[in-house]
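So the structure is just underneath, and the comments pick up after that.
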2 protein chains.
Amino acid sequence: MRSRSTIYDVAERAGVSAKTVSRVINNSSLVAPDTRRRVLAAVAELDFHPDSAAKGLRQRRRKSVGLVIPYGSDFVFQDPGMWAQTNGAHRALSERGYDLVLAVPQTRELVLHELSRLTKNRTVDGVILYAMEGVDTLIKEFDRLKIRYVSLSMCYSGQDYNFVDTDSSYVCHLATKYMIDQGARRVGLIREPEGFFHPAKATAEQGYRRAYREAGLSADESLILPGEYSVESGYERTCRFIKDVPGIDGILCMSDPMAMGALRALREHGLTPGVDIDFVSGDDFAASRAMWPGLTSIRTPLYEQGYHAGAMIVDYIQSGKKIPGKLLKGELIVRQSVRSRN
Amino acid sequence: MRSRSTIYDVAERAGVSAKTVSRVINNSSLVAPDTRRRVLAAVAELDFHPDSAAKGLRQRRRKSVGLVIPYGSDFVFQDPGMWAQTNGAHRALSERGYDLVLAVPQTRELVLHELSRLTKNRTVDGVILYAMEGVDTLIKEFDRLKIRYVSLSMCYSGQDYNFVDTDSSYVCHLATKYMIDQGARRVGLIREPEGFFHPAKATAEQGYRRAYREAGLSADESLILPGEYSVESGYERTCRFIKDVPGIDGILCMSDPMAMGALRALREHGLTPGVDIDFVSGDDFAASRAMWPGLTSIRTPLYEQGYHAGAMIVDYIQSGKKIPGKLLKGELIVRQSVRSRN
DNA sequence: CTGTTAGCGCATTCAG
DNA sequence: CTGAATGCGCTAACAG
């Protein structure tokens, strides 16, 4: 196969210098219309594609971003929402001329190694960090190592920049209020794990408490348990609710994997959601939709989250300035798993 | 921020030439042990990471591979198995020193554009093609454009190289035989779409027919329908079976999204899998496992498929020679959705 | 075993 | 508006 054509081949064919070709393919305005046309014709004829390595070497940027997937955090590969977020991130990057490189460190310890490699050898210009446990300590290292990042669905306590998340407080308030309005009085909340950091005033628990307060009711402490975003933890917490909380009439579970476990626990205790007890799932994945009776669920705008993260990391790379964090609103999808008592 | 260190900084600090540093970091054996140690020390002290662009420019390879996700084929983003395959592919690539770049062409027409860009501008050295409709015509273009590829879960009619797939004939035979052994006699098969090409003698239908033949039974033509790998098509085909095939006593559905639709159809007709009718799902995703009664399913080795695809594209890139295609075996996961009549 | 020279393909000076 | 010279950081080819 003949070696592919270079900018010099194009220049020769168009009867101009290499620099002029460079101007044309980079949309510099300082080119005469006629010259531009001749160059573009030559580009097409020779099927010229500027070498990304040469370009990257010269310009000291790769126009690509890493997406860090925390392999080994067991909940993640149970999480069908990951694709939606990846898809959104890819779209935003693609629209801005950036490629997406997947980084899948095998263990938590390897995260820094892998990201040092990718960023310091300039394979990527920055990274998007998918939610992972203990990301808060990690992020501080990123700041120290000057790794450019945006974190997705997660930030450390007090971080007010370079993150995208959905407002847990908002959606949890929405769901709790709905359940109370329908007649529920003792709703068990399986909330996000202790180790997960969220921006101030945006925890699920706060939204939950606000809904109770606004309804003039008081929420029992025993009604709130942290989960671990795993099927197992959803199962265990639900069993505890059934055993320890007399008169519990609803369960609100802040993620689908936990909801899967919770549903199994209900089944084993002979309780049918929407019939014997109210149930709201914290995500709206395929499993929720396929189930019968349909689960009333919180829809997190996953694609949008990913998209904003992609847009944000590019802003950051290009401006060099930290970007204020962004909180998105979710919505409640009403199906059959909450009883109507009105 | 001080500009990051180059190979010359390391050379100076170690008191050797740049080339010697290059030898050390590339594991050339022609370096004196003592020199090597001094160089490695300097590398560590300066936190030196060889610039991937400079290296790629010089060596004319990027050590990265594209994974093409056919966005727009609606079934794909319903497919939780995509991550397993991506994960396997990433692992194989990572072990071989390659990065994975995601390519998500928005439409079928953009596939060639996007891949031309990524390969001709040397962003990637080759690509893995995720299953998509009409990939067979696409692949022929790849051959013409000299794009290095391996196709995943798919190949064109007659292609006997550069693909990884699971042997549909094998797993379908396994499932059909099991259902017949348990007492089913009229099993409806919702098989892969017409447009999907598989290596000769490896279609689901062939395995199905063989199982019938071996049992000394004959399979009615009306028992076999092609699906489209979508929820909708599973629903529609199942309704047709129930309406048109008297005495149907089992359904075998070659993918999970189709199975979701099929299950809905059964439910609407008042039929419970494992009680009124036998049912086997063609994949074994979370939804199958979470369901009750548990779905007897075919487990496709998705991670392994991805892994082999990653290994194969690297072999191809490095050797320049086409690699014989690989067919993997799946297995049957027995749960409660097939009645035991023995 | 080690060093020198040259150039990968492009874009950035700085002149015209 | 256009071009000539230079070098980004690395390694292949060729010495020694």
Side-chain angles (χ1 to χ4, degrees), chain A residues 1-40 42-43 46-64 97 117-123 125, chain B residues 1-40 42-43 46-64 97 117-123 125:
Chain A
M1 171 182 177
R2 210 195 68 253
S3 174
R4 57 194 91 187
S5 37
T6 74
I7 200 169
Y8 293 108
D9 302 326
V10 176
E12 188 178 349
R13 182 159 195 128
V16 297
S17 77
K19 180 57 209 175
T20 298
V21 176
S22 173
R23 286 199 182 90
V24 171
I25 62 184
N26 290 296
N27 288 314
S28 164
S29 52
L30 311 165
V31 179
D34 183 58
T35 309
R36 176 181 299 277
R37 237 181 312 100
R38 286 205 333 273
V39 169
L40 288 176
V43 165
L46 295 175
D47 193 27
F48 170 67
H49 295 258
D51 186 298
S52 65
K55 196 165 199 160
L57 176 57
R58 187 63 250 214
Q59 306 193 144
R60 293 146 167 271
R61 57 163 174 60
R62 290 310 324 270
K63 300 268 274 181
S64 75
R117 182 185 68 82
L118 285 172
T119 54
K120 298 219 171 145
N121 78 6
R122 294 191 215 268
T123 293
D125 302 322
Chain B
M1 171 182 176
R2 211 195 68 251
S3 174
R4 57 195 90 187
S5 38
T6 74
I7 200 168
Y8 292 107
D9 302 327
V10 176
E12 188 179 347
R13 181 159 196 128
V16 297
S17 76
K19 179 61 206 175
T20 298
V21 177
S22 172
R23 287 200 181 90
V24 171
I25 61 183
N26 290 294
N27 288 313
S28 164
S29 52
L30 310 165
V31 179
D34 184 57
T35 309
R36 175 180 300 276
R37 236 182 311 98
R38 287 205 330 275
V39 169
L40 288 176
V43 165
L46 296 175
D47 192 27
F48 170 68
H49 294 258
D51 186 297
S52 65
K55 196 166 199 157
L57 176 57
R58 184 66 249 212
Q59 305 194 146
R60 293 145 168 272
R61 57 166 174 58
R62 290 307 329 256
K63 301 269 269 182
S64 75
R117 181 185 69 81
L118 285 172
T119 55
K120 297 219 171 145
N121 78 5
R122 295 191 214 267
T123 294
D125 303 323

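Throughout, a chain's letter reflects where its sequence line sits, starting with A, and its residues are numbered from 1. Quick note: numbers below take in every heavy atom, side chains included, and nothing from hydrogens, waters or symmetry partners.
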Ion pair present between B:D34 and B:R38, side-chain N to carboxylate O less than 4.0 angstrom?
yes
C:dC8 phosphate, OP1 or OP2: any side-chain N/O from B:Q59 under 4.0 angstrom?
no
To the nearest Å, give me how far apart CZ (A:R58) and P (C:dT13) are.
8 Å
For the side chain of B:R23 and the base of C:dT2, is some donor closer than 3.5 Å to an acceptor across the two?
yes
Would you say A:S17 places a side-chain N or O within less than 4.0 Å of OP1 or OP2 belonging to D:dG3?
yes
Where the side chain of B:K55 is defined as all heavy atoms beyond and including C-beta, which of D:dC8, D:dC10, C:dT2 is the nearest nucleotide?
D:dC10
B:E12 atom CD, over 12 foreign heavy atoms within 6.0 Å
no
Return no unless some side-chain N or O of A:T20 is found under 4.0 Å from OP1 or OP2 of D:dC1.
no
Could you check which of C:dA6, C:dC10, D:dC1 has an atom nearest any side-chain atom of A:A32?
D:dC1
Does any part of the side chain of B:R4, heavy atoms only, come nearer than 4.5 Å to the side chain of A:R122, both counted from C-beta?
yes
Approximate separation, where rounding is to 0.5 Å, of A:R62 CZ and A:L57 CG:
9.5 Å
d(NE2, A:H49; P, C:dG9) in whole Å
15 Å
I want to confirm an ordering. Mapping B:A18 and B:A54 to their closest nucleotides on DNA chain C, which one lands closer to the 5' end?
B:A18
Closest nucleotide among C:dT2, D:dC1, C:dG9 to the B:V31 side chain:
C:dT2
A:R61 CZ to C:dC10 C1': how many Å, rounded?
12 Å
Between B:Y8 (OH) and C:dT4 (C1'), how many Å, whole number?
10 Å
Value in whole Å for how far the P atom of D:dC10 lies from CZ of B:R4
11 Å
A:R60 side chain, from C-beta outward: closest of D:dC8, D:dC10, D:dT2:
D:dC8
Judged by atom type as modelled, is there a donor-acceptor pair below 3.5 Å linking the side chain of B:S64 to the main-chain atoms of B:T123?
yes
A:K19 or A:P33, whichever maps to the more 5' nucleotide of DNA chain D
A:P33
Specify the separation, in whole Å, of atom CG of A:N121 and atom C1' of D:dC8.
16 Å
Tell me: CG of A:L57 to P of C:dG9, nearest whole Å?
12 Å
Whole-Å gap separating P (D:dG9) and CD1 (B:I7):
11 Å
